[in-house]
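Please read the structure below before turning to the comments.
Computed from heavy atoms alone, side chains included, the values below leave out hydrogens, waters and symmetry copies. Bear in mind that the values here come from a model prediction, so they are computed numbers and not experimental data.
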Amino acid sequence: MNKFFIISGMSGAGKSQALKIFEDFGFVCVDNMPLRMVADFIDICLKNPAKYRNVAISVDSRAGQDLESFNCVLSLIKKKKINYRIIFFNAADSVLIRRYSETRRKHPIGKPVAESIELERKLIDGIFGISDEIIDTSDKTVGELKETISKLTGTEAGKSRLNLSVTSFGYKYGIPNDADIIYDVRFITNPNYVHNLKFKTGRDKAVKEYIKKQKEFGVFFDLFSKLIEKTLPGYIKEGKSYLTIAIGCTGGRHRSVFTAETLTKFLRDKKYTVKLNHRDILRGK
């Protein structure tokens, strides 16, 4: 096992968000791991090192009285010769109270929020005292939290961690529900009305040449690709892990397909990981 992190801290301080970030970084994550199951879980990890190379588990106040055995569990982990680090997520009481007020969720301790926070601090004080890292999330954005975890884990939080999806579609079949950015390329002259191009797609050479010859396309793509390139670092900084760019034309077979193909190549040349999908390319045949 390469890396083993134990995530703990105050409820509402960002543990769940942290686990999502660890997951984005390729860690196998288990939330609210029962302490009595840790030994068996570690054995599973050691038997399958390829799958469980990097692991993060969370242990917090939800464990209740079982927390009394926490030090015993740590001793067991040491005997397995696993190097672990404990990361404790904290926040000011006023911030925790505000977050619970905003989400309207019940505190796991089960008492009024302010009282629950006081009791929880006493319950997990032992973990706090032996933590390797304490992260105060009172004023952190998701992007800043991701950057902090990136540094702790030695994981690159850049281009390779932003999963891009470029999708072509036809407006006549509806806009993709999962799109973050949508662009309409129906201003390009439609190859569908050229007899020998009608039943081809934007992946065919003849259609590609037809679109590339249009001066409007060259001007558009130069601006569009630069806009995407300039804004992607901002999405990474804000902690976004998945971004879908949808490009639409009337039927989703010619103009949007070629543009999506061209944008995908552009982004891959910039070292981004890109998944390409032509949603409607087979429709209308």
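Chaining together hydrophobic side chains whose heavy atoms lie under 4.5 Å apart places F169 alongside Y171, I175, I182. V142 belongs to no hydrophobic cluster, as no Ile, Leu, Val, Met, Phe, Trp or Tyr side chain comes under 4.5 Å of its own.
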### Message
For T167 and I245: C-alpha separation, side-chain torsions, deciding distance, then whether side-chain contact (heavy atoms from CB on, under 4.5 Å) applies.
### Response
CA-CA 6 Å; T167 300; I245 304 170; over 6 Å; no

### Message
With side-chain contact (heavy atoms from CB on, under 4.5 Å) as the criterion, how do L243 and N163 come out once you've worked through the C-alpha distance, each side chain's angles and the decisive distance to 0.1 Å?
### Response
CA-CA 6 Å; L243 186 76; N163 295 285; over 6 Å; no

#### Entry: side-chain contact (heavy atoms from CB on, under 4.5 Å) evaluation trace for Y173 with R279
CA-CA 10 Å; Y173 304 114; R279 191 191 73 175; 3.6 Å; yes

### Query
Stepwise, does the salt bridge (charged side-chain N to carboxylate O under 4.0 Å, His left out) test hold for D31 with K20?
CA-CA 10 Å; D31 187 22; K20 291 178 183 177; over 6 Å; no

### Task
Could you give me the CA-CA distance, side-chain angles and deciding distance for R255 and T250, then say whether side-chain hydrogen bond (donor to acceptor under 3.5 Å, both in side chains) is met?
CA-CA 9 Å; R255 296 165 291 180; T250 304; 3.1 Å; yes

#### Entry: Worked check of side-chain contact (heavy atoms from CB on, under 4.5 Å) between L19 and I7
CA-CA 8 Å; L19 281 178; I7 309 302; 4.0 Å; yes

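Annotation: side chain of D132 is not in contact with side chain of I87 (no heavy-atom distance under 4.5 Å). Residues N90 and I135 form no side-chain contact, since every pair of their non-hydrogen atoms from C-beta on lies 4.5 Å or further apart. Using a 4.5 Å heavy-atom threshold, the side chains of M10 and L96 count as touching. Looking at Y242 and D24, their side chains come closer than 4.5 Å, going by heavy atoms from C-beta outward. Side chains of L67 and L123 form a contact here, defined as non-hydrogen atoms less than 4.5 Å apart. With a 4.5 Å cut-off on side-chain heavy atoms, T273 and L267 do not count as touching. With contacts defined as side-chain heavy-atom distances shorter than 4.5 Å, the pair P191/I211 qualifies. Looking only at side-chain heavy atoms (C-beta outward), M33 and S58 stay at 4.5 Å or farther from each other.
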Which donor-acceptor pairs under 3.5 Å do the side chains of residues 108-117 make with protein atoms, sequence neighbours left out?
unit_1, atom_1, unit_2, atom_2, d
S116, OG, K111, N, 3.1
S116, OG, K111, O, 2.7
S116, OG, P112, O, 3.1

Show me the donor-acceptor pairs, under 3.5 Å and distance only, between side chains in residues 41-48 and residues at least two apart or in other chains.
unit_1, atom_1, unit_2, atom_2, d
D43, OD1, K80, NZ, 2.7

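Among all heavy-atom pairs drawn from Y100 and S11, the shortest one is OH-CB, 3.1 Å. The two residues S61 and I124 make their nearest non-hydrogen contact at N-CG2, 3.9 Å. For the pair V73 and L35, the tightest heavy-atom approach, listed with the atom from each and the gap, is CG2-O, 3.9 Å. Residue F22 comes nearest to C29 through the heavy atom pair CB-SG, 3.6 Å, listed as atom of the first residue, atom of the second, then distance. Between S168 and A260, the shortest heavy-atom contact is CB-CB, 4.0 Å.
By the side chain to side chain donor-acceptor pair (under 3.5 Å) test, T189 pairs with Q214, sequence neighbours left out. Not counting sequence neighbours, N192 has no partner by the side chain to side chain donor-acceptor pair (under 3.5 Å) test. In this structure, the side chain to side chain donor-acceptor pair (under 3.5 Å) partners of R99, at least two apart in sequence or on a different chain, are T137. Residues passing the side chain to side chain donor-acceptor pair (under 3.5 Å) test with D269 are K265, sequence neighbours excluded.
Taking the six-membered ring where the residue is Trp, F187 and F220 present perpendicular rings, their angle passing 60° and hence far from 30°. Relative orientation of the Y183 and F224 rings is tilted, given thresholds of 30° and 60° on the angle between their planes. Between F221 and F217, the ring planes lie parallel to each other; the angle is under 30°, not in the 30° to 60° tilted range.
Without hydrogens or angle criteria, H254 side chain to L197 main chain gives a donor-acceptor distance under 3.5 Å. Formation of a donor-acceptor pair under 3.5 Å by the S69 side chain with backbone atoms of C72 is not found in this model. With hydrogens and angles disregarded, a donor-acceptor distance shorter than 3.5 Å links the side chain of T153 to the backbone of I149. In this structure, the side chain of S131 does not engage the main chain of I86 through any donor-acceptor pair within 3.5 Å.
Atoms CG and CG, on L164 and L232 in that order, are 5.5 Å from each other to the nearest 0.5 Å. With values rounded to the nearest 0.5 angstrom, N71 atom CG is found 12.5 Å from L76 atom CG. Taking NZ of K78 as the start and CG of N83 as the end, the distance is 10.5 Å to the nearest 0.5 Å. Summarising the geometry, atom OG1 belonging to T141 is positioned 10.0 Å from atom CD belonging to E147; distances are rounded to the nearest 0.5 Å. Note that the OG1 atom of T148 and the NZ atom of K140 stand 3.5 Å from one another [nearest 0.5 Å]. Annotation: the span from I57 atom CD1 to F5 atom CZ amounts to 12.5 Å, rounded to 0.5 Å.
For the pair R85 and F4, the cation does not sit on the ring face, since its NZ or CZ is not both under 6.0 Å from the ring centre and inside 45° of the axis.
V95 and L119 fall into different hydrophobic clusters, where Ile, Leu, Val, Met, Phe, Trp and Tyr are joined by side-chain heavy atoms under 4.5 Å apart, directly or via other members. By the criterion of side-chain heavy atoms lying less than 4.5 angstrom apart, applied directly or through intervening Ile, Leu, Val, Met, Phe, Trp or Tyr residues, L227 is not grouped with Y235; the two fall into different hydrophobic clusters.
The number of heavy atoms from other shown groups lying within 6.0 Å of CZ (R105) does not exceed 12. For N177, the CG atom is loosely surrounded, since the number of other residues' heavy atoms within 6.0 Å does not exceed 12.
Under a 4.0 Å N-O distance rule, the pair K226/D222 qualifies as a salt bridge. Salt bridge annotation for R253-D280: absent, with no cationic side-chain nitrogen under 4.0 angstrom from a carboxylate oxygen.
Counting only residues at least two apart or in different chains, salt bridge (Lys or Arg N to Asp or Glu O under 4.0 Å) contacts with residues 198-208 comprise R203-E261. Within the structure, ring-ring contact (aromatic ring centres under 6.0 Å, His included) pairs that include any residue of residues 69-90 comprise F88-F128 (at least two apart or interchain). Note on residues 5-19: pairs passing salt bridge (Lys or Arg N to Asp or Glu O under 4.0 Å), not counting sequence neighbours, are K15-D60. The salt bridge (Lys or Arg N to Asp or Glu O under 4.0 Å) analysis of residues 163-192, with sequence neighbours excluded, yields the pairs D180-K240, D184-R186.
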